[in-house]
Amino acid sequence: MTLDWWTLGLQTINVVVLVWLLSRFLFKPVVRIAAARQQETGRLLDEAAAARAAAELERQRAAEAHAELAAQREAALAAVEQEAAHSREQLLAEARREADRQREQAEAALAAQRRSAQALAEDQATALALDIAAHLLARVPDSLRVEAFLGGLVEGLDQLAPAARQTLLDDREALTLRAPRALAEDELLRCREALARALGGEPRLTVAVEPGLIAGLELEGSSAVVRNSFRADLARLQRELSRHDHADA
């Protein structure tokens, strides 16, 4: 029994020694290594977490930068589109103004051509009428081309205001009596007498021959003109016809 206890004690001591040795030379290093590995693993995990957070932050910044760039691009496109629309409106407005200006110029040119053509036609008609009247009056006695119009000239003077007749009488320049041909002495005398009665005094008078009158007499002073001639009648008729044509247009 003693040996057995001794043996048991030795075995116990051996176990204790073995445990101490294991704990001293095996377990503690293993624990330290495990702790170190755990600490390293924690550090690596922390670094990974920090890297992941940094990456997420960078991703967010990149997303924000992308969104900002997209917003700037949209704003730039909107500004360009607005500027293009404004330029387009300006171009259209300028084109409309230019078209209106060209149309007005064309209308003005056409109106001027019409007026020119009408004036030419009126002049031609007047010339033709004067020529016809001259040919017709060539068949009547010359006395009728003057004396028949003297009464009408006096009536024209009678229609003037008294002040206007006095102005003609007091005219510093001699009054001009226009006739279609040279007046005979007796014709000139009758004209002077009729004009003196109409004006209330004998005026200073000069006679001018103007075949363009065709027939009739015209008295011209510095302040008034009295006409009684075929040329004046034709011109008045032409004005009336022209006024009637313009009213119908």
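Residue numbers count from 1 along this sequence.
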Taking only residues two or more places apart in sequence, or in another chain, which ones meet [X] in a salt bridge (Lys or Arg N to Asp or Glu O under 4.0 Å)?
{"X": "R192", "value": "none"}
{"X": "E58", "value": "none"}
{"X": "R97", "value": "E94"}
{"X": "E173", "value": "none"}

Residue Q72 excluded, over 12 heavy atoms near CD under 6.0 Å =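 Counting other residues, nucleotides and ligands, CD of Q72 exceeds 12 neighbours.
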Which pairs, with at least one residue in residues 151-164 and sequence neighbours excluded, count as a salt bridge (Lys or Arg N to Asp or Glu O under 4.0 Å)?
->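 Checked against salt bridge (Lys or Arg N to Asp or Glu O under 4.0 Å) - neighbours excluded - no pair reaches residues 151-164.
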Please, which pairs that meet salt bridge (Lys or Arg N to Asp or Glu O under 4.0 Å) have at least one residue in residues 79-93, sequence neighbours excluded?
->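 Sorted pair list comes back empty.
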Excluding sequence neighbours, so at least two apart, what forms side-chain contact (heavy atoms from CB on, under 4.5 Å) with [X]?
{"X": "E107", "answer": "R103"}
{"X": "L110", "answer": "Q113, R114"}
{"X": "L57", "answer": "Q60, R61"}
{"X": "R197", "answer": "E193, A194"}

Donor-acceptor contact below 3.5 Å, side chain R165 vs main chain G200 =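 Checked: no pair found.
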Atom pair CG/CZ of D46 and R43 - distance to nearest 0.5 Å =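 Between atom CG of D46 and atom CZ of R43 there are 9.0 Å.
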In residues 209-230, what donor-acceptor pairs under 3.5 Å come from side-chain atoms, sequence neighbours left out?
residue : atom : partner : partner atom : Å
E210    : OE1  : R178    : NH1          : 3.3
E210    : OE2  : R231    : NH1          : 2.4
E210    : OE2  : R231    : NH2          : 2.9
E218    : OE1  : R231    : NH2          : 3.4
E218    : OE2  : S229    : OG           : 2.8
E220    : OE1  : R178    : NE           : 3.0
E220    : OE1  : R178    : NH2          : 2.9
S222    : OG   : D171    : OD1          : 3.0
S222    : OG   : D171    : OD2          : 2.7
N228    : ND2  : F149    : O            : 2.7
S229    : OG   : A232    : N            : 3.1

Side chain to side chain donor-acceptor pair (under 3.5 Å) involving R59 - partner list, sequence neighbours excluded |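 Applying side chain to side chain donor-acceptor pair (under 3.5 Å) to R59 gives E56.
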R190 and E187: CA distance, side-chain angles, deciding distance, salt bridge (Lys or Arg N to Asp or Glu O under 4.0 Å) verdict = CA-CA 5 Å; R190 285 192 291 273; E187 291 176 330; 5.0 Å; no
Is it true that the side chains of H86 and Q90 contain a donor and an acceptor less than 3.5 Å apart?
->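 Side chains of H86 and Q90: pair found under 3.5 Å.
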